[in-house]
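Ligands are counted one by one from 1 in listed order, and the atoms in each one are counted from 1 as well. This structure is a prediction, so every number in the text was calculated from the model and none was measured.
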Amino acid sequence: MSANLFTPIQLGAYTLPNRIVMAPLTRCRADANNAPHAINVEYYRQRASAGLIISEGSQITPSAVGYLGTPGIYSKAQIAGWQQVTDAVHDADGRIFLQLWHCGRVSHPSMLPAARLPVAPSSIRAEGHAHTMEGVQAFVTPHALTTSEINNIITDFATAAQNALDAGFDGVEIHGANGYLIDQFIRDGSNQRTDEYGGSLANRARFLLAITQAVVAVCGADRVGVRLSPINPFNDMRDSNPQAIFDHIASALSPFNLAYLHVTEWAGHDTSAPQPNFDFAQLRAAYQGTYMTNGGYTLNTANTAIGTGAADLIAFGTLYIANPDLVERFAHNTPLNPADGNTFYGGNEVGYTDYPFMTPV
Ligand code: PHB
């Protein structure tokens, strides 16, 4: 019989009881110090039957933030808060990776130390708005990073990875997706550098690969994943030839023997926009290793993707917001709770830890 969502799998250092992954989900409910606290512990604890939980993106330094209420992984209070989360998940026999996040130009001086400019590969402003304490404000033109500043950020990723291990995480996922700093280096709509970090495919992949190397040195490759989003235009992203750059990256990541490559097929919040042409099977073929996909999968389409070998694991985002017991619901093929988009970002336990578990069958 071919594999399905309930076929155990070896993922790097871990044997997962199923291939149902909780996708990283920004929920903006950390405390005033950007530290996880009691409601976050409860939220992750509820979802611990996932084969793997990938935490919401967590800023690696105060300069990496892009939203209010997102957790960090740089202060003692944040590490202590995350330790409560990882303890709760482990007590429930789960596994959890932390997602390492730098927002780059998708930020605003009002939320950055000393009201500095956000940073990016090039000083190209993203169309769109930051949600600040003073309300919605247009993105600003970012500061183009110097080489020494780039080196510092690579080190910051490694330090944050060590902090994640110190907080009890089983591993980390490097957020290379969705228009944030690493993705800004990857795609040529936001990277117009003329040094070794811009231009050719190899140059645009360089920042991600350097971060991957630094993080692998801290965690071991079998505790590191990387996330990419080849077709997501969110945060004003574009590329002149996505297939070329993402196939290149998939093949360049292969020799690391990472725990996994995580590719979201998500094409942005605007579902009316035309679907760009992209051959995900070709990208998957360019990657030698464990492959996780994501983006609107259902029980049936996920089982088909695994059964045909199109992917090894499937990450579920929206379904996990609304269904803490997604694994049990899939196992019994019972109806799913609908998700309430009004409570995705910020607020309290409403729409966060109060989605009902299914009635026992
Ligand atoms: C979002 O806030 O919509 C968001 C945040 C991080 C992501 C993707 C989307 O990686």
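- Using a cut-off of 4.0 Å between Lys/Arg side-chain N and Asp/Glu carboxylate O, Arg29 and Asp31 are scored as not salt-bridged.
- For the ring-ring contact (aromatic ring centres under 6.0 Å, His included) condition, the pairs that include at least one residue of residues 214-252, sequence neighbours left out, are Phe234-Trp266, Phe234-His269.
- The residues lining ligand 1, counting any heavy atom closer than 4.0 Å, are Thr26, Trp101, His175, Asn178, Tyr180, Phe234, Trp266, His269, Tyr345.
- Hydrophobic clustering (ILVMFWY, side-chain heavy atoms < 4.5 Å, transitive): Val89 and Val172 are in one cluster.
- Every residue two or more places apart in sequence or in another chain was checked for a side chain to side chain donor-acceptor pair (under 3.5 Å) with Tyr197, and none qualifies.
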Contacts under 3.5 angstrom, residues 109-122 side chains, donor-acceptor by atom type, not counting sequence neighbours:
unit_1: Ser110; atom_1: OG; unit_2: His108; atom_2: ND1; d: 2.9
unit_1: Ser122; atom_1: OG; unit_2: Gln192; atom_2: N; d: 2.8

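- Between Arg47 and Asp325 there is no salt bridge, since none of the side-chain N atoms of the basic residue sits less than 4.0 Å from a carboxylate O of the acidic one.
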